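To start, the structure itself, in structure tokens.
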There are 2 protein chains.
Amino acid sequence: MAATTSRTLELLSLLQSHRHWSARELTGRLGVSDRTLRRDVERLRELGYGIESLRGSAGGYRLEAGTGLPPLLLSDDEGVAIALGLRSQATAGLRGAEHTTLSALAKIEQVLPPALRRRIEALQSHTAVGAGGAWNRSGRPTPEVDAELLGLLALASRDSERLRFRYTDATGAASARVVEPYRLVPVARRWYLLAWDRERLDWRTFRLDRISEVFSTRVRFEPQEMSEEAARERVERAVRHRRRSIRARIVVELPQAELAEHLGWYGREVEAVDASHCAWPIEAESVEALGMALIWLPAGVAYRVEDSPELRAYLTAQAERFAAAARASA
Amino acid sequence: MAATTSRTLELLSLLQSHRHWSARELTGRLGVSDRTLRRDVERLRELGYGIESLRGSAGGYRLEAGTGLPPLLLSDDEGVAIALGLRSQATAGLRGAEHTTLSALAKIEQVLPPALRRRIEALQSHTAVGAGGAWNRSGRPTPEVDAELLGLLALASRDSERLRFRYTDATGAASARVVEPYRLVPVARRWYLLAWDRERLDWRTFRLDRISEVFSTRVRFEPQEMSEEAARERVERAVRHRRRSIRARIVVELPQAELAEHLGWYGREVEAVDASHCAWPIEAESVEALGMALIWLPAGVAYRVEDSPELRAYLTAQAERFAAAARASA
DNA sequence: GCCAATGCGGACGAAAAGTGACCGGATGTC
DNA sequence: GACATCCGGTCACTTTTCGTCCGCATTGGC
């Protein structure tokens, strides 16, 4: 049944896997006459996919960018790669596009066969969070959002399905919750779930890394309207433990242009103080992270810290630790 | 024409965008009778997609994980999110799955409408490379692979299309090249293109960040067989400037378990020395990166460096710099 | 300039499929 | 038990699909 639908999909898949195909190759693969192939191409074109054809002795068909995205026909491996990409994208907390990333993630998580899911987990544990190499970290040594949890919650929120889970609050008290999940909101590098707590009959905000033992009850609920902004606001208000962000201003003995060039993207806020000094405003969640920033200042250039006694104290202490370690290593 | 093919795709798309649909909703959207809907569902099931149906008053259809990946029907936004995820995945140099990531990337780049491409570029410039925030960096301040270039080259390699570009070699000499691209290979955090140089009639290895002004001549060439491994080997041999990796062993005055817990994923190689000491082998491309690692050791715990006079010297120097900065800030 | 290779699309008729209406049945929830 | 929902068989009718045959257009190499 439906030879033509599946054949059309297969044609699209072939066109996606190689740029160029001659009619002969395609008819061979699909097992149809050339006339039918032409009709299939026509069909795809009518559906909006840009298929270009070239005549002459080097002729053939090629899939071009069209007006919309065609269905992506992926191999298992590619599916795994995409899921990994989306997960790391989501856990890294890309600003501005979280919602879309989650919706794409939900789509793929929904249909991910278990075997692939296992592959993803294996790969994820083999690679550093956020990918890269050993020393690529953002703040504390253990941010580590559980990407799978994120996917699960995204799916349940999208589909308005009740959830049961265990929650350990800030004081360490654990409780069992039954909630109607609405949105996932990233605030200050952490993910929060905004949900209606069915037992407390009120809105609650749950920090993802405190959620465990999630059960997807496949029971649907009737969601109330809630805009992205409203959700964000609510969560931000709820997050009492505000981001304790530390700022400092580093004054460096270097012209603005030179430092900016050395730092690249990270130095985009460097401003000139005078012809031979510039100031670099930095901000992070901990003094350690600020200390890391200072490591990357060019060697042999003097600098000083402004507006942050905290960082200054830290530098003094850290200088001693480094010196002690160096002495101990002799 | 072909109402049924497009309708089937649309049904799949609907099922992907929400988990649960009743027959009434679907027939309404698709404009067909319920019998036809059932036949469409049947068709999709025959194609291997897992569609579960629930009877009873809360009944409906739901797309489940099947045996394979169904075509992903994405909105424009979601396509952008996926492309972004793949690009950052690729530029971050995920080990072990580069090839697959590139093949998925090629697939989506091939069909990305120009408007979406522009959106991606805009988003990319607004977000830190590798995502995250200010202090998430891997090594040197400026790795910054051009993700778009990567996509372009991946596409040309996959499809065996000749390329023209400008190349600036290590000595700074620029030249125009016409090549037949074969593979993209990541070595030591950098991407290289292995290609046959049509003018020099030999294999050449090009570092991506030295390539510019690429033109895709849409001329195809007949590729020779080349395995992934052969390509990797060739590039690694060609890359004379071998990864200058620095190793050190940090002996910490802390039981193995405690340090391992504090460091989390990064401390997975920590080994016990005796009951109250453990050793942490670390490795990075620069002493600065190693210094960063040391910052994250728990405060107040003494440690010393083994096997790396380089790091020791660096610590002495850095201690002085920190101290000087702290003094200057008074 | 000619030729071979390639893609284009109209016409036709036989075969296949898709479609809706109708039905009795099964399986859930309330 | 009442109700809502999905299930899948059958039938008659309509539409599409498909291969074959055709002359035409375009391209690159000889």
Side-chain angles (χ1 to χ4, degrees), chain A residues 1-12 14-15 18-47 49-64 159-162 217-222, chain B residues 1-12 14-15 18-47 49-64 159-162 217-222:
Chain A
M1 178 193 240
T4 108
T5 300
S6 70
R7 176 162 39 80
T8 307
L9 276 179
E10 197 182 344
L11 172 58
L12 195 50
L14 289 174
L15 288 172
H18 257 323
R19 177 107 86 177
H20 188 274
W21 294 90
S22 71
R24 186 191 290 287
E25 289 168 303
L26 291 173
T27 54
R29 294 249 187 173
L30 301 174
V32 291
S33 71
D34 58 337
R35 186 65 186 86
T36 299
L37 171 67
R38 278 198 293 273
R39 279 192 273 243
D40 284 353
V41 169
E42 191 187 345
R43 204 197 322 278
L44 286 177
R45 283 198 184 123
E46 260 172 33
L47 292 176
Y49 309 133
I51 299 176
E52 193 193 1
S53 48
L54 303 172
R55 305 181 175 204
S57 41
Y61 296 86
R62 108 177 22 225
L63 183 60
E64 293 289 327
D159 296 331
S160 303
E161 287 190 3
R162 265 188 221 153
T217 74
R218 318 178 105 208
V219 178
R220 272 165 294 135
F221 62 89
E222 205 51 52
Chain B
M1 177 193 240
T4 114
T5 301
S6 70
R7 175 161 40 81
T8 308
L9 276 179
E10 198 181 342
L11 172 58
L12 194 51
L14 289 175
L15 288 172
H18 258 322
R19 176 107 85 177
H20 188 276
W21 294 91
S22 71
R24 187 191 288 289
E25 289 169 302
L26 291 173
T27 52
R29 293 248 188 176
L30 302 174
V32 290
S33 70
D34 58 338
R35 187 66 187 83
T36 299
L37 170 66
R38 257 171 279 152
R39 278 192 274 243
D40 283 354
V41 169
E42 191 189 347
R43 206 196 322 278
L44 285 177
R45 283 199 184 120
E46 260 172 34
L47 293 176
Y49 307 133
I51 298 177
E52 194 194 358
S53 47
L54 303 172
R55 304 180 175 205
S57 44
Y61 297 87
R62 116 188 358 237
L63 183 62
E64 292 290 326
D159 297 331
S160 302
E161 288 191 1
R162 265 188 221 153
T217 72
R218 320 176 103 209
V219 179
R220 272 165 295 136
F221 62 90
E222 205 52 52

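Given the structure is predicted, the values throughout are model-derived calculations rather than measurements. Naming: A, B, ... by sequence-line order, numbering from 1 per chain.
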I'd like to check B:H20 versus A:D159 (side-chain heavy atoms, cut-off strictly below 4.5 Å). Are they in contact? no
D:dG8 P sits how many Å from B:R43 CZ, rounded? 15 Å
Quickly work out the B:L37 CG to C:dT19 C1' distance and round it to whole Å. 13 Å
Interatomic distance where CG belongs to A:L54 and C1' belongs to C:dC8 [whole Å]: 14 Å
Gap separating the OH atom of A:Y49 from the CG atom of A:L11, nearest 0.5 angstrom: 12.0 Å
Measure from the side chain of A:S33, starting at C-beta and using heavy atoms only, and say which of D:dG19, C:dT29, C:dT19 lies closest. D:dG19
Proximal nucleotide (of D:dC6, D:dT17, C:dG7) relative to the B:S53 side chain: D:dC6
Rounding to an integer number of Å, can you tell me how far B:L44 CG sits from D:dC6 C1'? 16 Å
Closest to the A:S57 side chain: C:dT19, C:dC8, D:dG28? D:dG28
Could you state the atom-to-atom distance from CG of B:D34 to P of D:dT5 in whole Å? 12 Å
If you go through the side-chain atoms of B:R35, does one of them form a donor-acceptor pair with the base of D:dG9 closer than 3.5 Å? yes
Let's see if you can work this out: which of D:dT17, D:dC21, C:dC8 has an atom nearest to the side-chain heavy atoms of A:T4? D:dT17
Tell me if the CZ atom of B:R35 is crowded by more than 12 foreign heavy atoms within 6.0 Å. yes
Atom CH2 of B:W21 to atom C1' of D:dA4: distance rounded to whole Å? 20 Å
Output the rounded distance in Å from OH (A:Y61) to P (C:dT6). 12 Å
Nearest-nucleotide wise, let me know which of A:G56 and A:G31 is further upstream toward the 5' end of DNA chain D. A:G31
Ignoring hydrogens and geometry beyond distance, is the side chain of A:R39 in donor-acceptor contact with the base of D:dG19 at under 3.5 Å? yes
If you check every side-chain atom of A:R55, which of D:dC7, D:dG19, D:dA25 has the closest atom? D:dA25
Separation of A:R220 atom CZ from C:dT29 atom C1', in whole Å? 12 Å
Indicate, yes or no, whether a donor-acceptor pair under 3.5 Å links the base of D:dG8 to the side chain of B:R38. yes
For the pair B:E161 and A:R62, find out whether any cationic side-chain nitrogen is under 4.0 Å from an anionic carboxylate oxygen. yes
What do you reckon, is CZ of A:R45 surrounded by more than 12 foreign heavy atoms closer than 6.0 Å? yes
Closest approach to the side chain of B:S22, judged atom by atom: which nucleotide of D:dC6, D:dG28, C:dG18 is it? D:dC6
